[in-house]
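Encoded as structure tokens, the structure appears first; notes follow it.
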Amino acid sequence: MMALSERQPQSEKKAPRARPMSGKAVFVLCATSFFVGLLLSGRMTVLTPPASGGHGGSRIALFSDDDCEHRRKLEEESNPNDVMNEVSRTHQAIRSLDKSVSSLEMELAVERAKRNGGLGAAVPSKGLPKVFVVVGINTAFSSKKRRDSLRDTWVPRGDKLRQLEKEKGVVVRFVIGHSATPGGALDRAIDVEEAETRDFMRLDHVEGYHELSSKTRIYFAAAVATWDAAFYVKVDDDVHVNLGMLTNRLARYRTTPRVYVGCMKSGPVLSQKGVKYHEPESWKFGDEGNKYFRHATGQIYAISRDLASYISINQPILHRFANEDVSLGAWLIGLEVEHVDDRSLCCATPPDCEWKKQAGNVCAASFDWSCSGICKSVDRMRAIHSACGEGDGAVSNFAAA
């Protein structure tokens, strides 16, 4: 048998077969190539089937020559003022839409809180009296003379108060809680005063100077659960307010979502014990000598409805600092909120507010910084109202709608 002198050739390796592309990949590749071609050609055209009476297979541009010519004529004939007016209207429409979205987001948060048991009180809006602004005047058991000084000047009495609420959507109430012994002499005195004036808003809150942060939190929660307002204002009972000017200033931000209006300041954090406005938690604000973040001064400020709703929903977990105005600023500083520094809300008493009134710039609120309110307000409120007041008919000219 003849020996094999040659080795059998090894079998060749089979080349790997290309994996076929999926239909989706083919579609993406084709679409990408199509759009790249459009970019390179510099023209966007589409093929359309032949129209009746037209030339078969013709190409129709997305923007025809007639359209371009028409747009060119409009641009040439347009007035710059017309363009600015259109831009202004568009801007207002966008702000209004943003406001609507914000309201829907807040309603969604309320419903979510209800389903989950909620972190705080529910914030119903359906069926509540709809008003423009709620003005809550912070007061105490010992402040009857202050309250009477306001009723004699800028706070309407009786039927005028109801008329202001009904016709202009402006609610004004003195805000007070109860004493440490509910039903005692202090509470009974308020009951008698309320039966006569009907201008109180009673809170489930124990009154006390060091409980102002809690009172502010409870006030906003109670107010937003009682009235469906665009704005909620807190003001001290030793501050002079022109309601007409206040409502007109706030109306500027009617379509602005999440707005916080006041005289913004950034005072020092006082760590020394025994001094007024001492901050026991000063270490949280950094080293000695630091200042607070920007926040509205406590004499008067306003927040929009969605912020009041936010406070109501989250009130159990909102931290309270020693100073009420700092607490409110802390609750809002980490949110998407527009801070409005309105110096009309912190005019000085005469001659400052008087000169401004004579110049046509009536102040919305006036007080003395040295007293954190009007010094000797019971004795001076009437004179300040005479010198700096806007007149009885000012608030009646406010358009609530």
Side-chain angles (χ1 to χ4, degrees), residues 94-95 97-123 125 136 211-225 229-234 250 253-271 277-342 345-346:
I94 292 173
R95 289 171 70 90
L97 181 60
D98 196 11
K99 179 80 171 180
S100 300
V101 170
S102 175
S103 298
L104 290 173
E105 289 174 344
M106 182 53 63
E107 290 180 10
L108 180 61
V110 170
E111 293 302 322
R112 187 182 296 115
K114 288 179 180 178
R115 289 197 303 270
N116 297 334
L119 291 172
V123 190
S125 59
E211 298 298 326
L212 290 178
S213 292
S214 292
K215 185 175 182 179
T216 299
R217 189 180 60 178
I218 295 170
Y219 157 63
F220 283 124
V224 80
F231 294 96
Y232 299 86
V233 174
K234 176 265 174 181
L250 293 178
Y253 311 104
R254 190 192 298 265
T255 60
T256 304
R258 299 178 303 277
V259 65
Y260 171 33
V261 184
C263 289
M264 300 295 165
K265 67 174 184 178
S266 179
V269 181
L270 302 178
S271 59
Y277 306 128
H278 163 61
E279 179 56 74
E281 297 180 275
S282 58
W283 66 274
K284 290 185 177 181
F285 297 94
D287 298 330
E288 186 78 18
N290 275 5
K291 291 186 176 183
Y292 289 113
F293 41 77
R294 290 285 175 188
H295 62 281
T297 185
Q299 286 84 353
I300 181 172
Y301 48 74
I303 60 175
S304 54
R305 182 187 182 279
D306 40 10
L307 296 183
S309 298
Y310 170 84
I311 292 172
S312 176
I313 294 170
N314 297 285
Q315 56 175 317
I317 59 171
L318 294 178
H319 187 71
R320 294 162 292 164
F321 290 101
N323 301 301
E324 158 246 341
D325 53 353
V326 171
S327 293
L328 178 66
W331 302 337
L332 304 181
I333 192 66
L335 307 180
E336 286 292 341
V337 173
E338 181 171 343
H339 289 56
V340 176
D341 184 19
D342 190 338
L345 292 173
C346 53

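Worth saying up front: this structure is predicted, and the values here are computed from it rather than measured. In what follows, every heavy atom counts, from backbone to side chain, and hydrogens, waters and symmetry copies are set aside.
- Classified by interplanar angle (parallel below 30°, tilted 30° to 60°, perpendicular above 60°), the ring pair F285/F293 is tilted.
- Remark: S213 engages R320, E324, S327 in a side chain to side chain contact (heavy atoms under 4.5 Å, CB included) (not counting sequence neighbours).
- In this structure, NE2 on H295 lies 11.5 Å from SG on C263, to the nearest 0.5 angstrom.
- A 4.5 Å side-chain heavy-atom check between F231 and I303 finds every atom pair outside the cut-off.
- Looking only at side-chain heavy atoms (C-beta outward), D306 and P257 come within less than 4.5 Å of each other.
- The closest side-chain heavy-atom distance from R258 to L335 is not below 4.5 Å.
- Looking at W331, its side chain does come within 3.5 Å of a backbone N or O of H319 through a donor-acceptor pair.
- No side-chain heavy atom of Y301 sits less than 4.5 Å from a side-chain heavy atom of L345.
- In summary, D341 and K265 do not engage in a salt bridge, as defined by a charged side-chain N under 4.0 Å from a carboxylate O.
- R305 places no side-chain N or O within 3.5 Å of a backbone atom of A229 that could act as its donor or acceptor partner.
- Heavy-atom minimum distance, K291 versus V269: C-CG2, 3.8 Å.
- Closest non-hydrogen pair, I333 versus A330, comes out as CG2-O, 3.4 Å.
- A heavy-atom distance below 4.5 Å is not found between the side chains of V259 and V337.
- The salt bridge (charged side-chain N to carboxylate O under 4.0 Å, His left out) check on K284 picks up E281, with sequence neighbours excluded.
- Note that OH of Y232 and OG of S312 are 9.5 Å apart. Values are rounded to the nearest 0.5 Å.
- Using a distance-only test at 3.5 Å, with no hydrogens or angles considered, a donor-acceptor pair links the side chain of S266 to the main chain of Y292.
- Checked by atom type, the side-chain pair S271/E279 shows no donor-acceptor distance below 3.5 Å.
- Classified by interplanar angle (parallel below 30°, tilted 30° to 60°, perpendicular above 60°), the ring pair Y260/H339 is perpendicular.
- Separating the CZ atom in R217 from the CD atom in Q315 is a distance of 5.5 Å, to the nearest 0.5 Å.
- Considering only heavy atoms from C-beta on, K234 stays 4.5 Å or farther from I300 through its side chain.
- Using a 4.5 Å heavy-atom cutoff, the side chains of L332 and L328 are in contact.
- A donor-acceptor distance shorter than 3.5 angstrom exists from the side chain of T216 to the backbone of L212, with no hydrogens or angles considered.
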